[in-house]
Amino acid sequence: MYLFQQASSLGRTLQAARQNQLTLGFVPTMGALHEGHLDLIRAAKKHYNRVICSIFVNPTQFNDPADLAKYPRTIEKDLEALACSGADYVYFPEVSDVYPPNSSPETYQFGALESVLEGAHRPGHFEGVGMVVARLLRITEPHGLFLGEKDYQQCMVLKSLLKQMQWDTKVQLHICPTRRESNGLAMSSRNQRLSAAGKRHAALLFEIMNSCKDRYQEFSPDQLSDWAIHSLEAQGNIRVEYFSFADATHLQAVQNWNESASVRVLVAAWVEDVRLIDNALLF
Ligand code: PAF
């Protein structure tokens, strides 16, 4: 496994690999890796000859400086896990390598997609995600991009990014299923900040999303969302930021189930002082 802190040397190495007809899969991360990330590395390894992983806690996607400061950083452990999972190249740059001083990074707009759910609650978040992923894609020029479905809205935003960059035919987008703990809690780097009790409480998010699959035909989306929020908050361990039913493609909330051919349930909630998100396919 080769380590790079500079885009210029990584870029040269990858260009040589491409010239040798090697295909490249890319997994962008912010580190604090868990089995969900390692699933992406393993999936990339199955599809492509070489796998690149980036570890970069991107400041432009944090609208809350306290959240950025608290984001877990575990680089030594991450490098070990990546070596065991089959990553070939790791890029873990300083901020100045991704955003060189006096350069103006490309920005992208995602329209209605960024005005709902995470976009509405974290203004500027997806602009920052788009900015960094566009930069990382230009450095790595991969054949495949691997993302986790846990960040479903991010997947839709980055699908739009590939289209806007006109790279949608050049880069294959692979969206991999959410990896869960045995109690259903979606794996996330942020879970490291939960106590054992917090992890138990957080598992209710998965349970309630699943109950919605059984109940949705009896209720309207608004009624079901009220029921879900009430059920999640009843014990006083969870505070819900949103619990929404949205069209699976454009993520606009549905008022009636028949408005959309495919609906997802998406939730953001606080457990202890940790903000968690999760989602599932309803139909
Ligand atoms: O999902 C993440 O970890 C980040 O948003 C990403 C895609 C690596 C961009 O910083």
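Position 1 is the first residue of the sequence, and the numbers go up from there. No experiment lies behind these values; they were computed from the predicted model shown. Just follow the structure's listing: the first ligand is 1, and inside any ligand the first atom is 1.
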Which pairs of donor and acceptor atoms, one on a side chain in residues 214-221, lie under 3.5 Å apart (sequence neighbours left out)?
| from | atom 1 | to | atom 2 | distance (Å) |
| --- | --- | --- | --- | --- |
| Ser220 | OG | Gln223 | N | 3.1 |
| Ser220 | OG | Gln223 | OE1 | 3.4 |

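The distance between the ring centers of His37 and Phe146 does not fall below 6.0 angstrom.
With hydrogens and angles left out, the side-chain atoms of Ser211 and Glu207 include no donor and acceptor closer than 3.5 Å.
In this view, Asp39 and Arg42, Arg179 satisfy the salt bridge (Lys or Arg N to Asp or Glu O under 4.0 Å) rule, not counting sequence neighbours.
The stretch residues 104-117 participates, sequence neighbours left out, in these salt bridge (charged side-chain N to carboxylate O under 4.0 Å, His left out) pairs: Glu106-Arg138.
Cation-pi check for Arg264 over Tyr152 is met; the charged atom lies under 6.0 angstrom from the ring centroid and within 45 degrees of its normal.
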Per-pair distances, ligand 1 N/O vs protein N/O, less than 3.5 Å:
| from | atom 1 | to | atom 2 | distance (Å) |
| --- | --- | --- | --- | --- |
| ligand 1 | 1 (O) | Gln154 | NE2 | 2.8 |
| ligand 1 | 5 (O) | Gln61 | NE2 | 2.9 |
| ligand 1 | 5 (O) | Gln154 | OE1 | 2.7 |
| ligand 1 | 10 (O) | Gln61 | OE1 | 2.6 |

